[in-house]
Chemist: 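Shown below is the structure under consideration.
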Amino acid sequence: MSENHEHAAGDSVPELKQRIRELEDVLNACRLRQPDAPAEAVRELAESEERFALAVRGTSDGIWDWDIRTGKVFFSPPWKSMIGYEDAELENVFATFENQLHPEDHDRVMATLNDYLAGRIPRYSVEFRFRHKDGGWRWILARGRALRDEHGTPYRMAGSHTDVTERKHAEEELRQARRAAESASSAKSAFLANMSHEIRTPMNGVIGMSELLLGTDLGETQREYLEMLKLSADSLLELLNDILDFSKIEAGRMELDAHEFDLNEVVTEISQAMGIRAFQKRLVFLHHISPEVPPRLIGDDGRLRQILVNLIGNAIKFTHKGGVTIDVSMESQTADKVMLHFKINDTGIGIAEDMRESIFEAFTQAETSTSRRYGGTGLGLAICHDLVALMQGRIWVESQPGTGSTFHFTAAFGRTSGVSLKPRSPRIKPLLTARASMKVLIVEDGHVSQIVGARMLEKRGHVVSLAANGREAIDRCDKETFDAILMDVHMPGINGYEATARIRKTEKSTGRHVPIIAMTANAMKGDRERCLAAGMDDYIAKPLRSAELFQVVEQFAARSSTPQNATASPAPASPAPQPQIEPPPFDLAEFRESTGDEKLMRKLVAIFAEDAQKYLRKAEKALTARKAPQVYESAHSLKGMLGVYAARKALTISSELCEYAHAGDLKGAQLLLDQLKKECALLGAALLAAFEPGI
């Protein structure tokens, strides 16, 4: 036996020695009755008890052994030293345990013990505070098991005590840290909301006035300076939006708004919008959605648009010749979910190998000179990375410096019961471009915001009234009817929420319902939901952009403010048939608004005929060769170009041509191409006439 072993055995507690002697006496008595009993029985029992003593002394846990029938309890020396006592200082009775319990924990611990002994819970495990000899309290984890007789009655129970004071202190520190973090996060969110409001309010004036000024007659130098001013303001707004999004993601507060949407519509709208940038750089811009991809999906199309716009915008920014393509295909699918694979390919400057992973980190760009040459904050790709993760996908890039990049990302969407879109009839109907004038009330306490909103809508042909606060808005609504109300939500006195509630209360008796659009500089999570919950019909964030403002307001143009319970008036006599007036080939106001630059408009007019004929010839050649994919590419390129010119009818025909080429219907495609040639000829003549020298 080793020295340590002998030492441990020599230090065996008196209780164990006494138990060994008792067992020796029992076995000796058995030997007298049974002479042939094993001679080594006593020695083996002694060694067993000795091993038990070593285990008791060697563990940091306290061991206890309770004889329920007699009430006698064995408490190991570590059990007692755990709370500061020597072995002889505490009596080995059950009352010793009970008396050390914290008064606030006593009843709970005893109830747990009784429930276990009665068989109402499967195990005994409980944490409590135990009184230390120095007067303090130690946290103890007690665990134990009972032995039961044939009737299930417990007669003995043994277990251990573990000191978990340090763990409990760490847990408390963690709770305090979590509370502090939550408090800091709330303060951060409040700061971001206030910052958003304070910055967006003056930016509303800067951007809005810039748009209004760009629509007036300006000298070349004035226009150049103003465009630089607007570009800077747009960059500042983009930075603000990125910071807000990144902060929400970082705080774990970014959530997806899942609903049904049309994927074809999303990709087409983005392509038309981004195609203007590509066209201005003379880049080819194409997109393709695999036929196996369901047209209707369930997901957050807003966040999908954000990812695509960011990646496509980067592709166009870093590409100087060649083009950009978007490809959407099926990655995998189940009965209720599809995983789509998006690819954005460009022929731009490319990305070095050692930067391909780090570009998805916040505030990181592919090279140190990027911010000077191309601008940007390095947040866009980090936001895309986190949004893709929220969509249960991943994002990566393949690239070679000097030859271009392909950004890939996957995203999961739910399936719908929607049916696939069928090819439309080749008969093209004239597209009406006339807008109905609306009577709009702007409720806004800021004078600059009043002017910006009013001038934008008045230039669009709408009639605008103003109210400086909620009280004025309520009074105006009592006396007049409006087709729509733009309601600022933060105003002194009666704010936008209260004013909306009072207007809605009045409408219950009249049966009217005027569309109310929330107008706020806040852009944090929950703002839109709060506005809709308050009875508003839609939401627009400041600073106001004319295109977005018109879209939000004019969606209510067809709605009537006539009381729902009013008796219908007799229908007026049908007017005499009037000759149908063919709409002009393009909308000059929209063309001017989309470019915002007279010099650029004249340049686009000068190159229209050459570019249009190039794509038309390619489409004709592909049709002759019966190559539908090439027809589609040519028609799609032409469609992107026509969108820049606000040529509604030509754009509609080119969209139809894309659909027929995609479906492989070359006969229908030929009919549409013939119509498109005629319409492009009319468009070219109209553009030249509108931009003759001196006009």
Side-chain angles (χ1 to χ4, degrees), residues 231 234-254 256 267 270-271 273-274 277-278 281 283-287 300 302-329 331 339-412:
L231 180 62
D234 288 339
S235 299
L236 181 58
L237 180 61
E238 184 177 349
L239 172 61
L240 176 62
N241 290 335
D242 282 350
I243 291 174
L244 291 174
D245 274 348
F246 183 73
S247 299
K248 287 186 282 186
I249 293 172
E250 191 180 43
R253 296 186 176 183
M254 177 70 77
L256 298 179
V267 175
I270 292 173
S271 298
M274 303 303 290
R277 298 190 198 176
K281 296 184 70 174
L283 300 175
V284 175
F285 188 80
L286 302 172
H287 76 267
D300 191 334
R303 293 302 177 186
L304 175 61
R305 289 171 192 266
Q306 185 175 353
I307 297 169
L308 288 172
V309 167
N310 194 294
L311 296 179
I312 296 168
N314 282 346
I316 295 173
K317 182 197 303 185
F318 297 113
T319 302
H320 305 297
K321 62 179 180 179
V324 176
T325 60
I326 311 166
D327 183 79
V328 187
S329 60
E331 178 84 359
M339 181 70 76
L340 300 185
H341 185 174
F342 295 81
K343 289 189 287 187
I344 293 86
N345 176 266
D346 66 65
T347 57
I349 63 174
I351 301 169
E353 184 176 358
D354 59 348
M355 292 298 298
R356 290 174 201 162
E357 294 296 328
S358 60
I359 58 172
F360 296 106
E361 298 173 2
F363 304 106
T364 300
Q365 294 176 318
E367 57 180 359
T368 55
S369 63
T370 300
S371 60
R372 294 191 297 271
R373 293 169 59 194
Y374 296 100
T377 63
L379 278 176
L381 289 179
I383 293 171
C384 288
H385 176 275
D386 292 333
L387 288 177
V388 167
L390 282 176
M391 294 179 174
Q392 304 171 41
R394 64 189 186 97
I395 187 170
W396 70 100
V397 63
E398 298 171 348
S399 182
Q400 290 295 331
T403 61
S405 306
T406 300
F407 279 82
H408 303 254
F409 73 92
T410 58

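Note that these values count all heavy atoms, side chains included, but never hydrogens, waters or copies made by symmetry. The chain is numbered in sequence order, starting from 1.
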Chemist: Working to the nearest 0.5 Å, report the span between CD1 of Ile270 and CD of Gln306.
Modeler: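 The CD atom of Gln306 is 10.5 Å from CD1 of Ile270, to the nearest 0.5 Å.
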Chemist: Tabulate below the donor-acceptor pairs under 3.5 Å that side-chain atoms of residues 400-409 make, not counting sequence neighbours, or state none.
Modeler:
from: Thr403; atom 1: OG1; to: Gln400; atom 2: O; distance (Å): 3.0
from: Ser405; atom 1: OG; to: Ser399; atom 2: OG; distance (Å): 2.7
from: Thr406; atom 1: OG1; to: Asn345; atom 2: ND2; distance (Å): 2.6
from: His408; atom 1: ND1; to: His341; atom 2: NE2; distance (Å): 2.9
from: His408; atom 1: NE2; to: Glu398; atom 2: OE1; distance (Å): 3.2

Chemist: Applying side-chain contact (heavy atoms from CB on, under 4.5 Å) to Phe342 and Leu304, what does each step give before you reach the verdict?
Modeler: CA-CA 10 Å; Phe342 295 81; Leu304 175 61; 3.9 Å; yes
Chemist: Taking side chain to side chain donor-acceptor pair (under 3.5 Å) as the definition, give me every residue that meets it alongside Thr347, ordered by chain and number, with sequence neighbours left out.
Modeler: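 Counting only residues at least two positions away or on another chain, Thr347 forms no side chain to side chain donor-acceptor pair (under 3.5 Å).
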Chemist: Any heavy-atom pair between the side chains of His287 and Val328 that's under 4.5 Å?
Modeler: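 No; the side chains remain at least 4.5 Å from each other.
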Chemist: Say you draw a straight line from CG of Leu340 to CD of Glu331; how long is it, rounded to the nearest 0.5 Å?
Modeler: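 Answer for the CG-CD pair, Leu340 versus Glu331, is 9.0 Å.
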Chemist: Check salt bridge (charged side-chain N to carboxylate O under 4.0 Å, His left out) between Arg305 and all other residues, then give those that pass, not counting sequence neighbours.
Modeler: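 Applying salt bridge (charged side-chain N to carboxylate O under 4.0 Å, His left out) to Arg305 gives Glu269, Asp301.
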Chemist: Any idea which heavy atoms bring Ile395 and Val388 closest together, and the distance?
Modeler: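 Heavy-atom minimum between the residues: N-CG1, 4.0 Å.
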Chemist: Do Thr319 and Leu283 have side-chain heavy atoms sitting under 4.5 Å apart?
Modeler: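 Result yes, sub-4.5 Å side-chain heavy-atom pair found.
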Chemist: Rounded to the nearest 0.5 Å, how far apart are CG of Leu387 and CG of Leu381?
Modeler: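 It comes to 11.5 Å.
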Chemist: For a side-chain contact (heavy atoms from CB on, under 4.5 Å) check, start with the C-alpha distance between Lys343 and Thr325, then their side-chain angles and the critical distance, and finish with the verdict.
Modeler: CA-CA 8 Å; Lys343 289 189 287 187; Thr325 60; over 6 Å; no
Chemist: What residues form a side chain to side chain donor-acceptor pair (under 3.5 Å) with Asp346, not counting sequence neighbours?
Modeler: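 Residues passing side chain to side chain donor-acceptor pair (under 3.5 Å) with Asp346: none at all.
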Chemist: Write down the atom of Ala278, the atom of Phe285, and the distance for their closest heavy-atom approach.
Modeler: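 Closest approach of Ala278 to Phe285, heavy atoms only: CB-CB, 3.9 Å.
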Chemist: Hey, are the side chains of Ile351 and Phe318 touching, using non-hydrogen atoms and a 4.5 Å cut-off?
Modeler: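 In short, these two side chains do not touch, never coming nearer than 4.5 Å.
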Chemist: Mind checking the CG-CD1 spacing from Leu308 to Ile326? Nearest 0.5 Å is all I need.
Modeler: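 The CD1 atom of Ile326 is 6.5 Å from CG of Leu308, to the nearest 0.5 Å.
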Chemist: Could you grab the distance from atom CD1 of Ile383 to atom CZ of Arg303, nearest 0.5 Å is fine?
Modeler: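 Rounded to the nearest 0.5 Å, the CD1-CZ separation comes to 8.5 Å.
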